[in-house]
Amino acid sequence: MAALDQKSPNVLLQSLCCRITGKSEAEVAHQFQYAVRVVGSNYAPTIERDEFLVSEKIKKELLKQRREGDAALFSELHRKLQTQGVLKHRWSVLYLLLSLCEDPRKPSRVGSYGALFAQALPRDAHSTPFYCTRPGSLPLSYPERSGPGAAQISTSMGTSGISSLGVYSLNGPTPQPLLQPGLHRQQLGSRLAWALPNTSALAPTSRAPLGPPPLSTRAPRPRHDGDLTAEVGEAALVRDILYVFQGIDGKFIKMSNTDNCYKIDSKVVLCKSLRDTSSRLAELGWLHNKIRKYTDLRSLDRAFGLVGQSFCASLHQELKEYYRLLAVLHSQLQVEDDQGVNLGVESSLTLRRLLVWTYDPKVRLKTLAALVDFCQGRKGGELASAVHAYGKTGDPQMRALVQHILSLVSHPILNFLYRWIYDGELEDTYHEFFVASDPTVKTDRLWHDKYSLRKSMIPTFITMDQARKVLLIGKSINFLHQVCHDRTSPGKITPASKSTDSPKDAAELLSDLEGAFQGKIDAAYFETSKYLLNVLNQNYLLLEHLQAMRRYLLLGQGDFIRHLMDLLKPELARPATTLYQHNLTGILETAVRATNAQYDNAEILKRLDVRLLEVSPGDTGWDVFSLDYHVEGPIATVFTRECMSHYLRVFNFLWRAKRMEYILTDIWKGQMCNAKLLKSMPELSGVLHQCHILANEMVHFIHQMQYYITFEVLECCWDELWNKVEKAQDLDHIIAAHEGFLDSVISRCLLDTNSRSLLNQLRAIFDQIIEFQSAQDSLYRSALEELTLRLQYEERKKQRDGEWGVTAEQEAEENRRIQEFQETIPKMRSQLRILTHFYQGIVQQFLVLIMTSPDESLRFLSFRLDFNEHYRARDPRLRASLGATRGRRPSNI
Amino acid sequence: MASSANANNMNAVRETMDVLLEISRLLNTGLDMESLSICVRLCEQGINPEALSSVIKELRKASDSLKASDN
C-alpha cells in the first residue's frame, strides 16, 4: 500500500475539495468544513455492503441507458477487479461510483438528499433537485414554481443545462423530456404540455440560453393522446394521413359522404398551410377508396367474366405497389416512435415529404381511378375497348401503365380467339367474346345462322375485317367437323398454332397488331378456307353440282331437253290430274339414257327428278311439270331452299319459252308440208298467206326472246359466276356469288316483282301463240279434209271411165259442198285477222314496256324485236318513244 | 525481492486504478484520475461511500455556482 499515502482522511478530503472545485485551499474552506461534518456524521449506511448487488445495480443502470455494450464491458472490468484483489472495500468504491454515475437521461435519486442540502445550502430554496439537467422541458415548469430566486435559479439551471447538454450530446441521444416525479405530478398526465403554446411565454426567460433549435426538433413529437382543443401538430397529421391513404378515417381527417371527399374536422385547430397540404394528400385516399370499391364489388360478381377478372387482378397489383409504399412510410414512422427521438430534421416524416413521395403514386392512382370510372358496367370485349381507348395518350408513364393493364386484360380475349381459330371451340360462359353461337340452330343451317358477331364485344384494337375473318375461320372448322364430317384435327390445317401462353405474348402481339396479329389471322384464314373448299370440291363435288344445275334446271343440256320434250309431249297434253309421277320419271330416265346426259356423273343423275307442281283446275300437264334436283348435306349450304325455289321458277319460265319454240316449230313444219298440198285450193291462199305471215312474226319474236334469254341472261351471268367461284377464297364468297347469280337471272328473266307487267305481257303473247296454233290446226284440218274430199271426188270421177264422170246431182252436191267450204273461209280469215290484230297489240305493248325498262339488255331486245320498225309504224306510242330515243340521241351529244 | 514485490504491487495497483478509471468513465461520473484515487483512498480508510458521494456532489454544485458568480 505504498502507493496509497497514509494520509488522514481530513487531508484527503481537503485535497479532494480543492481538486473538485478547482480552487485553492483557502477558498474552499467553507466547503471543507461542510464535508468534514458530513463525513464525520457517520450516519448508518442505508445500503447493504453487498458487492454483487452493487455491480448488478450498475449493470442495470447501464442497461437502462441502453448501453448494453458498456454493461458487458463493465462486467469484464469488474471481473478483473475481483481477480486483482488490491482493493479491500470494493463494494464501497463501486457504490461510490454508482452514486456518482451521471445518467444523462434520468435524474439521479436525490430525493433522500433533499433535506440534507436544504439545511446546508441556503441557496437551495427549493427541495427539488436542480440536477435534472433537462434543458428542454424544465424551463417550462420552472416559472410556475417561481420564487424570488427562481429566475436566478432557472438561469443557473439554464447554464448548467447548456453545459450538460453539451456534455450529454456527446454521449448519447438528446435528452428525452420526461418530467420529474417530484413536484409537478399534474403535468405528468398531459405529456403534451411541453408542446403547448405556453412555451411562447417562457421564451424570454428560459429559452434564450437554450436557443430554438433543440426545441423545434422536438416540438413535433407525437407521443400523446392529446386534447383536440389544442393545435394539431404536423406529426399527428402525418399519422392521420397515413391512415387516410389506406382509406381509413383518421382522427382529424374523415370521409364526408355528402361531399364525397376527405375533410378535416372543422373543430380541429390547424394552420392553413397544413390544412391545405393535408387536403391535397387526402385525395390519394379518395382515389384509393374508389379503386378498392370497384375491385371489391367486382370480385363478388360471379358473372363478371374472365376479362373483368383479369382487370381486377391488374388493379390489385397496382394497389399492392401502393400498399408497399405505405408500408415503407409506416415503418419510417415506426422507427421514429421506437427510438423515441428525432433522428434529425433530414429523416423525419413531414407533410411536405409525403407530398413529394406520393406524387408519382398519385398520378398512377388517378389514371387507375379514371379507368375504373370509364369501365363501370362494362365487361368482356367492351372492357378491353375501354382500356384501349385510354392508352391513346401522350404521357409515356400513363401509356405504359395502360398498356400493361391492356395486355393483361386482353389476354383472355386472345386466348378465346386462338382457341376459336385453331380448334373451332367456343367456351364463353360469360358472353365476352365477339363470336356468338346460337345453340338452337341445327346442323343444316350451321353455316348461315349458328355463328354471328357480337358487335359490342369487338375490342377496338381488332378491326371489323379481322373480326369477320376470325368468325369465318371458326365457322369453317365447325362446318368441317359437323356438316362435312371431316374429322381432321385443326392442327393439320393450320400448322404451328401457338396460343398465347402468357400475358407477355399478348403484350407483344398487341404492340404489333398490324403485323404479327394480322399475319396470324390471315394465315389461319387462308389455310382453313382452302382446306374447306378442297373438301367441298373433292368430297362433295360442289362445282360439279353447280354445273349440273346449269345443265338441267337451266336447260343447258340442249339435246336432253329437246328429247325430253319430244317424249313428254303426248303425256303433257293430257289434263294434269291424270298424270302419274312414276310415268314421268320413267320418261325422264329414257331421255337421259338416250342422250349425252348418260355420261354424266352418277351422283348427279341420281339427284335429277321430276316434280309435279300443285294442280289447279283446267291445267294441262304442261302447267304442272317441273324438273327437280335434290341437295343435301354440305351442298345444301350453298343451294339453300330459297335458292332451289328460285331455280324452279326460272326453270318454269325457261321451259315455257322452250315450249313456245317447240310449238312454233311444229307450226312451221305443218305450214311447209301443207302449203304444197293446198296449192290446188286457190281460195285458201289468202288465209294461208295470213297464217304464214303471223307464224313468221311469232317465230321471229320467240327467236329473239330465246336469244335474249340464252345469251344475254344465262350465259353472261353464268360466266360471271364461274369466274367468281374459281377465284373464291372461302365458302362465303361462293355463296355470295351464287346468290348474286340467281338474283340477276331472275331479274333479267322478268321474274322479279318489278317486271310483273312485262311478265304478264309475255304470258299473254305465249297464250296467243297457243291459240294460233289451235286455230291453225283447225284450219288445216278442215282444209285438208276438204282437200281429201275433193280428191276423192276427182278420183271417183276418174274411176267412172267411159261414162259421164259425175252425175248432175253429184256435181251439184260437190258444188254445194265447195260453196259451203268457201263460205267458211271468210270466217277463218276474220278469225285470223282478229288473232293477228290481238297478237300485234300485245307485242306493241310489250315493246313499249321494254323500251322504258331500266335494264339495258331489254332495251336492246326491243331494238331487235322491231328491227324493221314494223310495229313502230302501227303504234303512235311506239313511234313517239322510239323516236324520242333514236332521234334525240345525236342532238344530245 | 521487496522491490520486485513492490513493483508487482505497483503494477497491480496501477492496473486496479486503470480498471477503476475505466469503470468510472463508463458510469460517467466525471471524476478524473486524481480525484478518483483520493476517493479510493478514502473509501479504503472506511469512509461511508454514501456520505462521500453526497459531499462530492455538493462540492461540484458549489463549484459551479462559484464559477457562475465569478462570471
Side-chain angles (χ1 to χ4, degrees), chain A residues 1-5 7 9 12-13 15-17 19-23 28 31 34-35 38-39 41-43 45-47 58 61-62 70 73-74 77-78 80-81 84-89 92-104 113 116-117 120-121 123 130-131 156 159-160 171, chain B residues 2-71:
Chain A
M1 295 292 193
L4 292 174
D5 293 332
K7 289 189 185 152
L12 286 172
L13 263 180
S15 56
L16 185 62
C17 293
R19 182 101 198 119
I20 291 184
T21 56
K23 305 251 189 264
V28 300
Q31 278 77 13
Y34 161 71
V38 166
V39 169
S41 67
N42 205 12
Y43 54 90
T46 53
I47 42 160
I58 293 178
E61 194 57 41
L62 284 174
D70 293 340
L73 204 58
F74 168 72
L77 291 168
H78 186 220
K80 249 198 236 169
L81 210 59
Q84 281 166 351
V86 170
L87 291 178
K88 279 195 282 209
H89 294 155
S92 69
V93 176
L94 286 176
Y95 185 79
L96 173 67
L97 291 178
L98 172 61
S99 50
L100 285 176
C101 164
E102 296 287 349
D103 180 8
Y113 299 114
L116 183 66
F117 287 96
L121 300 169
R123 260 192 310 160
F130 292 101
Y131 296 98
S156 71
T159 53
S160 67
N171 287 335
Chain B
S3 65
S4 70
N6 275 350
N8 280 346
N9 257 348
M10 283 295 294
N11 280 342
V13 166
R14 203 168 297 128
E15 271 178 47
T16 311
M17 284 315 294
D18 285 337
V19 168
L20 283 175
L21 185 64
E22 190 65 32
I23 295 178
S24 141
R25 199 189 56 76
L26 272 182
L27 288 176
N28 221 352
T29 56
L31 290 171
D32 57 342
M33 187 55 164
E34 204 180 310
S35 317
L36 182 65
S37 66
I38 298 175
C39 292
V40 168
R41 268 184 268 170
L42 282 172
C43 282
E44 286 293 299
Q45 292 181 359
I47 299 268
N48 188 349
E50 276 180 293
L52 190 54
S53 82
S54 61
V55 165
I56 293 176
K57 284 184 190 160
E58 176 50 35
L59 285 172
R60 276 188 179 155
K61 195 203 70 60
S63 81
D64 287 338
S65 63
L66 275 175
K67 264 193 225 125
S69 59
D70 282 345
N71 296 342

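Order of the sequence lines sets the chain letters (A, B, ...), proteins ahead of strands, with each chain counted from 1.
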Of all heavy-atom pairs between B:Pro49 and A:Leu96, which one has the smallest distance, and what is that distance?
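For B:Pro49 and A:Leu96, the tightest heavy-atom pair comes out as O-CD1, 3.8 Å.
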Shortest non-hydrogen contact between B:Val19 and A:Leu77, atoms and distance
CG1-O, 3.5 Å
Any pair with a residue in residues 4-15 of chain B that passes salt bridge (charged side-chain N to carboxylate O under 4.0 Å, His left out), sequence neighbours left out, goes on the list, sorted by first then second residue, please.
none
Side chain to side chain contact (heavy atoms under 4.5 Å, CB included), that's the test. Do B:Leu36 and A:Leu97 meet it? Break it down for me.
CA-CA 9 Å; B:Leu36 182 65; A:Leu97 291 178; 3.9 Å; yes
B:Ser24: which residues meet the side chain to side chain donor-acceptor pair (under 3.5 Å) condition with it, sequence neighbours left out?
B:Thr29
If you round to the nearest 0.5 Å, how far is [atom2] of [Y] from [atom1] of [X]?
| X | Y | atom1 | atom2 | answer |
| --- | --- | --- | --- | --- |
| B:Ile38 | A:Ser15 | CD1 | OG | 3.5 Å |
| A:Leu94 | B:Ile23 | CG | CD1 | 5.5 Å |
| A:Ser92 | B:Leu42 | OG | CG | 10.0 Å |
| A:Tyr95 | B:Leu52 | OH | CG | 11.5 Å |
| A:Asp70 | B:Glu22 | CG | CD | 9.5 Å |

Note, B:Leu31 side chain near A:Leu100 side chain (heavy atom, < 4.5 Å):
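When only atoms from C-beta onward are counted, A:Leu100 and B:Leu31 do touch, with a gap below 4.5 Å.
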Given 3.5 Å as the limit, does a donor-acceptor pair link the side chain of B:Lys57 with the main chain of A:Ser99, or not?
yes
Which region of B:Leu20, side chain (C-beta onward) or backbone (N, CA, C, O), has a non-hydrogen atom less than 4.5 Å from a non-hydrogen atom of chain A, or is it both or neither?
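The answer is both parts of B:Leu20.
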So which part of B:Asp18 gets closer than 4.5 Å to some heavy atom of chain A, the side chain, the backbone, both or neither?
neither
Below 4.5 Å from any heavy atom of chain B, which atoms of A:Leu62 appear? Answer side chain, backbone, both or neither.
side chain
Taking it one step at a time, do B:Leu26 and A:Ile58 satisfy side chain to side chain contact (heavy atoms under 4.5 Å, CB included)?
CA-CA 10 Å; B:Leu26 272 182; A:Ile58 293 178; over 6 Å; no
